[in-house]
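Reviewing the structure listed below.
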Protein chains: 2
Amino acid sequence: MSLNVAEILHSCRFFSEVQDKAFERLLRIARIAEFKSGSVIFRENQECPGVYAVGSGLVRVFKTATSGKEHTLHLVGPGDTFAEVAAIGGFPVPANAEAVADSRCVLLPRDPFRRALEEDHQLCLQMIAGFSYWVQHLVGLMGDVVLRDAVGRLARFLLNSEADATGMVALPSLKRHLASHLNLTSETFSRTLRRLVDAGVIAPGESNLVQIVNREKLRLIAEGLSPKV
Amino acid sequence: MSLNVAEILHSCRFFSEVQDKAFERLLRIARIAEFKSGSVIFRENQECPGVYAVGSGLVRVFKTATSGKEHTLHLVGPGDTFAEVAAIGGFPVPANAEAVADSRCVLLPRDPFRRALEEDHQLCLQMIAGFSYWVQHLVGLMGDVVLRDAVGRLARFLLNSEADATGMVALPSLKRHLASHLNLTSETFSRTLRRLVDAGVIAPGESNLVQIVNREKLRLIAEGLSPKV
DNA sequence: GCAAGCCATTGATTTACATCAAGCCGGGCG
DNA sequence: CGCCCGGCTTGATGTAAATCAATGGCTTGC
């Protein structure tokens with residue numbers, strides 16, 4: 001039941017609209033890369049192997065300080081890509097990547113991929129669109145980390161996570177990793193979650209599910225407009 | 001003595017390598033946009049007018065929180081561009097821009113520019129390279145803000161600023177804006193600068209010049225390896 | 001089924017930075 | 001000239017979140 005290369009690439013927003021001829025070309029250069037949970041995929045400053053597209057599992061992209069503190073930039077799930085930027089730009093990867101669940105990815109090796117880009121205008125345009133998304137995302141993150149406090153960041157994260165009809169959202173991965181993504185320690189993450197529960201805007205579910213009870217209030221909190229939580 | 005459109009575009013890393021035919025095309029759609037110091041160029045969420053290339057002056061790109069707090073993402077000087085991402089991606093600008101000195105820019109209006117991109121593969125490849133740079137830059141910033149403390153951020157900023165032979169570096173714009181770029185209040189910025197002076201790694205110069213006295217030690221501080229400053 | 005480890009939660013304490021509050025200094029303008 | 005105003009510095013105090021420390025599940029494996 002595990003997906004093949006073509007299925008993974010198709011499921012990926014970044015490549016989903018690539019045309020037949022260009023797509024065939026990608027297929028020819030692509031190969032599968034699998035990682036066991038906990039294994040490192042690459043380390044900061046290494047040469048970039050190419051573009052990865054996640055088919056299943058979850059990978060965490062993060063920076064480390066000399067102090068040992070980590071910041072997770074991105075939790076990459078199925079349908080998402082990573083290392084595209086370094087692959088295309090031709091510089092070393094600016095962060096670390098590790099699998100946090102058994103993961104199956106497609107790897108488009110850097111050099112053939114870059115050649116494809118140079119020869120295929122459509123593909124090129126696709127990639128540009130993908131990049132725009134990335135930059136927008138990073139600018140958003142930046143604003144979050146800097147301009148919002150702990151509750152604000154968590155509230156916004158919950159709002160942006162997709163919920164099912166009953167308002168249930170699944171927290172990805174370990175809470176600790178999510179905390180690091182929001183620039184919190186796992187302790188304050190825990191306390192902050194609790195504050196939202198106490199304020200009655202979310203309800204704790206089993207394992208790592210939470211239910212959004214009062215979306216409107218959550219939005220106010222995210223904007224820092226709620227008098228106090 | 002003010003530059004014309006072609007000169008500005010040529011001086012710009014983003015466009016410097018665009019070929020003759022493509023360049024002519026850009027010239028045809030470009031127009032000059034001038035801004036007096038303090039005037040706002042656009043506000044967050046507005047429709048993106050196009051790509052701006054700064055010829056002279058200085059513009060500040062920043063986000064604002066509902067609390068009123070600001071974070072300056074980028075101080076854009078001559079030879080640099082802004083709003084490229086939103087222009088190409090076709091979404092509203094994700095931040096505010098204002099001139100902090102009388103500024104003369106080239107504006108490449110969004111729609112004709114996008115058409116040029118669609119029809120010109122070389123231009124497209126150029127833009128991709130430019131984007132990679134941007135993402136790399138943002139990831140770096142992100143890491144800075146999150147993983148380093150006040151001295152570390154300032155130290156790294158000084159190291160990355162270009163200095164003349166004597167180690168003099170010019171702080172751009174108001175100190176206040178630089179502070180906001182480093183995610184500090186102007187008070188802590190001031191104090192932090194002083195700490196570095198007291199530690200003997202930099203020396204204060206007139207107006208907004210500082211001299212790097214001990215580059216190696218500064219590097220250690222930036223990496224958080226210096227036992228104490 | 002019990003021991004060994006992680007992960008999460010909760011509480012007590014510390015700390016880096018923000019905020020509040022004066023002074024200071026240079027420079028534009030009446 | 002002397003005034004004022006904006007930007008910078010410096011000091012005193014406040015506070016959000018980190019750190020330190022203890023405990024209570026859950027899993028995993030013998």
Side-chain angles (χ1 to χ4, degrees), chain A residues 36-38 58 60 65 67-72 98 100-102 144-155 170-198 202-210 221 224 226-229, chain B residues 37-38 58 60 65 67-72 100-101 144-155 170-198 202-210 221 224 226 228-229:
Chain A
K36 289 200 307 294
S37 181
L58 191 67
R60 185 171 78 100
S67 72
K69 183 178 173 185
E70 294 184 351
H71 178 73
T72 112
E98 72 177 29
V100 293
D102 292 350
D144 265 25
V145 163
V146 157
L147 298 175
R148 299 167 129 86
D149 62 3
V151 242
R153 295 203 290 278
L154 178 51
L171 306 180
S173 178
L174 271 3
K175 288 208 175 92
R176 164 158 52 94
H177 291 148
L178 183 48
S180 144
H181 183 55
L182 297 172
N183 194 28
L184 299 171
T185 57
S186 64
E187 292 97 324
T188 33
F189 177 84
S190 183
R191 281 187 258 264
T192 307
L193 209 50
R194 184 160 223 299
R195 279 207 276 161
L196 288 180
V197 172
D198 290 348
I202 63 174
E206 66 176 24
S207 99
N208 44 12
L209 289 175
V210 300
I221 292 171
S226 188
K228 174 161 295 183
V229 340
Chain B
S37 182
L58 191 67
R60 185 171 80 100
S67 72
K69 182 178 173 185
E70 294 185 351
H71 178 72
T72 111
V100 292
D144 264 26
V145 163
V146 157
L147 298 175
R148 298 166 132 84
D149 61 4
V151 241
R153 296 203 291 278
L154 178 51
L171 307 180
S173 179
L174 270 5
K175 287 209 175 95
R176 165 158 52 96
H177 291 147
L178 183 48
S180 144
H181 182 53
L182 297 172
N183 194 28
L184 300 171
T185 58
S186 64
E187 291 98 324
T188 23
F189 178 83
S190 182
R191 282 188 257 264
T192 306
L193 209 51
R194 183 161 225 295
R195 279 207 278 161
L196 288 180
V197 171
D198 289 348
I202 63 173
E206 66 177 20
S207 97
N208 45 11
L209 289 174
V210 300
I221 293 171
S226 188
K228 176 161 294 181
V229 339

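Fair warning: this is a prediction, and the values are worked out from it, not measured in the lab.
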Double-helix bend of the helix from C/dG1-D/dC30 to C/dA22-D/dT9, axes at both ends from 5 pairs, round to 10°, gives 30°
Just the rounded figure in Å: distance from [atom2] of [N] to [atom1] of [X].
X        : N      : atom1 : atom2 : answer
B/Leu154 : C/dC17 : CG    : C1'   : 15 Å
B/Lys175 : D/dG7  : NZ    : P     : 13 Å
A/Leu178 : C/dC7  : CG    : P     : 15 Å
B/Leu182 : C/dC17 : CG    : P     : 12 Å
A/Leu174 : D/dC26 : CG    : P     : 16 Å
A/Phe189 : C/dT10 : CZ    : C1'   : 15 Å
A/Glu70  : D/dA18 : CD    : P     : 15 Å
B/Arg176 : C/dA18 : CZ    : P     : 15 Å

When you measure from the side chain of A/Ser190, which nucleotide among D/dC8, C/dT9, C/dC7 comes out closest?
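Of D/dC8, C/dT9, C/dC7, C/dT9 is nearest to the side chain of A/Ser190.
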(message) As a test of reading the structure: which of D/dC8, C/dT10, D/dT10 is closest to the side chain of A/Arg194, going by heavy atoms?
(response)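 Of all the options, the side chain of A/Arg194 is nearest to C/dT10.
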Minimal heavy-atom distance between B/Arg60 and B/Val100, with the atoms involved, is CB-CG1, 3.8 Å
Taking only residues two or more places apart in sequence, or in another chain, which ones meet [X] in a side-chain hydrogen bond (donor to acceptor under 3.5 Å, both in side chains)?
X        : value
B/His71  : none
B/Thr192 : none
A/Thr72  : none
B/Lys175 : none

- Query: Does the side chain of A/Ser173 come within less than 4.5 Å of A/Leu178's, by heavy atoms?
  - Reply: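 When only atoms from C-beta onward are counted, A/Ser173 and A/Leu178 do not touch, as no gap falls below 4.5 Å.
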For [X], check side-chain contact (heavy atoms from CB on, under 4.5 Å) against everything at least two apart and list the hits.
X        : result
A/Asp102 : A/Lys36, A/Ser37
B/Arg194 : B/Asp198
B/Thr185 : B/Glu187, B/Thr188
B/Val210 : B/Leu158, B/Val169, B/Leu171

Protein heavy-atom contacts under 4.0 Å, written 5' to 3' over nucleotides 20-29 of chain C as B (base), S (sugar-phosphate only) or - (none), form the string B---------
What nitrogen or oxygen pairs link the protein and nucleotides 13-17 of chain D at under 3.5 Å?
{"residue": "D/dA17", "atom": "OP1", "partner": "A/Ala150", "partner atom": "N", "Å": "2.8"}

Item to complete: Report the residue from A/Val151, A/Asp144, A/Val146 that forms a side-chain contact (heavy atoms from CB on, under 4.5 Å) with A/Arg148.
Response: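 Testing each of A/Val151, A/Asp144, A/Val146 against A/Arg148, the sole residue satisfying side-chain contact (heavy atoms from CB on, under 4.5 Å) is A/Asp144.
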